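In what follows, a structure is listed as structure tokens, so that the remarks can point back to it.
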Amino acid sequence: MLRVPPGVHRAELGETVAVLNEATGTWMWASPLADRIWAAAIEGRVDTLIATLAAEGHGEKAEHTVRTTIDQLVRAGYLTIAGPGLRALPEQMPDVAVPAPDTERAPSRPVRWLARTGLALSLILMTAPLRWRLRALAPLRVLPAASPALAGAVSAAVPQIRPAWYRGRIACMEISLATVLALALCGRRAHWVLGARQLPTEAHAWVWTENGAFGLSGRDRPDPRRPWVGALAAPPVPHARKGEP
């Protein structure tokens with residue numbers, strides 16, 4: 001039986017499904033048909049799906065399409081024949097793309113120093129594979145949540161920092177990771193979120209707290225026609241308990 005290997009995350013974007021592989025740090029953009037084939041391969045319904053697709057108009061091409069797609073998913077690391085894994089598609093994350101209330105103000109000197117330290121740590125950690133970065137953030141789950149004022153101040157300060165000694169990339173992944181690390185230095189928890197949106201498909205990284213998200217502004221501001229959807233968060237975002245909204 002085929003399984004989804006550990007470390008594969010999925011986000012339904014509407015007409016596209018975004019899939020992130022921790023092992024490679026890469027995204028896959030799957031069509032609704034590819035997503036159906038993926039689910040059928042995991043659930044052991046391949047022959048049934050081939051018959052359904054043939055009846056839907058795919059005709060003789062249905063079997064070739066299904067078998068080829070499954071082979072591609074196995075080669076890309078989104079399906080595995082041996083070893084541990086899920087026997088269902090990865091669970092969708094809770095909504096983590098609602099912006100936090102605006103609490104921005106000019107960051108104080110201590111907050112700027114905190115932002116510099118967080119950014120330096122982020123740039124170091126970004127040299128490691130994605131899986132290692134996620135493991136480094138996992139212990140933050142035991143920290144108390146960051147307050148809106150502190151999270152807002154740090155998230156506003158980090159993008160203003162540009163070390164003179166650094167010539168590499170400083171974009172959404174580095175900035176959001178720096179914010180999470182800077183808050184952790186204060187003994188407070190925030191979550192590093194990797195997500196995507198469609199039409200055109202693009203990936204983004206931002207910060208989520210229990211009071212909302214930071215890093216969704218400017219060209220990355222939420223758009224109801226193509227909303228951001230989280231695929232992965234570190235530390236993991238808790239799902240609502242039964243009876244909770």
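Since this is a predicted model, take the numbers as computed values, not measurements. No hydrogens, no waters, no symmetry mates; every other heavy atom, side chains included, goes into these values. Start at 1 with the first residue, then count along the sequence.
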Fill in: Which residues share a ring pair (Phe, Tyr, Trp, His ring centres under 6.0 Å) with His9, sequence neighbours left out
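His9: no ring pair (Phe, Tyr, Trp, His ring centres under 6.0 Å) contacts found.
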
Report yes if the side chains of [X] and [Y] come closer than 4.5 Å at any heavy-atom pair, otherwise no.
{"X": "Met28", "Y": "Asn21", "result": "no"}
{"X": "Ser155", "Y": "Ile175", "result": "no"}
{"X": "Leu114", "Y": "Leu183", "result": "no"}
{"X": "Pro5", "Y": "Pro84", "result": "no"}
{"X": "Phe214", "Y": "Val154", "result": "no"}
{"X": "Leu121", "Y": "Leu185", "result": "yes"}
{"X": "Tyr166", "Y": "Ile161", "result": "no"}
{"X": "Pro32", "Y": "Val17", "result": "no"}

Is there a donor-acceptor pair closer than 3.5 Å between any side-chain N or O of [X] and the backbone N or O of [Y]?
{"X": "Thr16", "Y": "Leu13", "value": "no"}
{"X": "Arg45", "Y": "Ile42", "value": "no"}
{"X": "Arg141", "Y": "Ala138", "value": "yes"}
{"X": "Arg197", "Y": "Val229", "value": "no"}
{"X": "Thr117", "Y": "Trp113", "value": "yes"}
{"X": "Glu174", "Y": "Ala171", "value": "yes"}
{"X": "Glu202", "Y": "Gln198", "value": "no"}
{"X": "Thr69", "Y": "Thr65", "value": "yes"}
{"X": "Arg188", "Y": "Leu143", "value": "no"}

Should the heavy atoms of other residues, nucleotides or ligands under 6.0 Å from [atom1] of [X] be counted, would the total exceed 12?
{"X": "Glu56", "atom1": "CD", "answer": "yes"}
{"X": "Arg162", "atom1": "CZ", "answer": "yes"}
{"X": "Arg221", "atom1": "CZ", "answer": "no"}

Where is the tightest heavy-atom contact between [X] and [Y], given as atom of each residue plus distance?
{"X": "Trp208", "Y": "Val193", "answer": "CB-CG2, 3.7 Å"}
{"X": "Ala97", "Y": "Pro222", "answer": "O-CG, 4.2 Å"}
{"X": "Pro94", "Y": "Val237", "answer": "CG-CG1, 4.3 Å"}
{"X": "Pro90", "Y": "Val4", "answer": "CG-CG1, 4.0 Å"}
{"X": "Asp220", "Y": "Gly215", "answer": "CB-O, 4.3 Å"}
{"X": "Ala153", "Y": "Pro107", "answer": "O-CB, 4.3 Å"}

Report yes or no: do [X] and [Y] belong to one cluster of Ile/Leu/Val/Met/Phe/Trp/Tyr joined by side chain heavy-atom distances under 4.5 Å?
{"X": "Leu232", "Y": "Val8", "answer": "no"}
{"X": "Ile81", "Y": "Ile70", "answer": "yes"}
{"X": "Leu150", "Y": "Leu137", "answer": "yes"}
{"X": "Leu119", "Y": "Val207", "answer": "yes"}
{"X": "Leu20", "Y": "Trp38", "answer": "no"}

Worksheet item: What about the rings of Trp29 and Trp27, do their centers lie closer together than 6.0 Å?
Response: yes

So that I can tick it off, tell me whether [Y] and [X] are bridged by a salt bridge, with the cut-off set at under 4.0 angstrom between side-chain N and carboxylate O.
{"X": "Asp35", "Y": "Arg10", "value": "yes"}
{"X": "Glu15", "Y": "Arg226", "value": "no"}
{"X": "Arg189", "Y": "Glu210", "value": "yes"}

Quick one: [atom1] on [X] to [atom2] on [Y], what's the gap to the nearest 0.5 Å?
{"X": "Thr179", "Y": "Trp206", "atom1": "OG1", "atom2": "CH2", "result": "14.0 Å"}
{"X": "Thr26", "Y": "Leu130", "atom1": "OG1", "atom2": "CG", "result": "9.5 Å"}
{"X": "Leu86", "Y": "Leu79", "atom1": "CG", "atom2": "CG", "result": "11.0 Å"}
{"X": "Ile50", "Y": "Glu60", "atom1": "CD1", "atom2": "CD", "result": "13.0 Å"}
{"X": "Thr24", "Y": "Arg131", "atom1": "OG1", "atom2": "CZ", "result": "9.0 Å"}
{"X": "His64", "Y": "Lys61", "atom1": "NE2", "atom2": "NZ", "result": "10.0 Å"}

Worksheet item: Going through the checks in order, is the side chain to side chain contact (heavy atoms under 4.5 Å, CB included) test met by Thr80 and Leu2?
Response: CA-CA 6 Å; Thr80 183; Leu2 290 167; over 6 Å; no

Worksheet item: Do we see a donor-acceptor contact under 3.5 Å between the side chains of Ser176 and Trp192?
Response: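 The answer is yes; a qualifying pair exists.
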
Item to complete: List the steps, then state whether side chain to side chain contact (heavy atoms under 4.5 Å, CB included) holds for Val96 with His191.
Response: CA-CA 10 Å; Val96 289; His191 302 260; over 6 Å; no

Discussion item. Over 60° means perpendicular and under 30° means parallel, so tell me whether Trp228 and His204 are parallel, tilted or perpendicular.
Written reply: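 It falls in the tilted class, 30° to 60°.
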
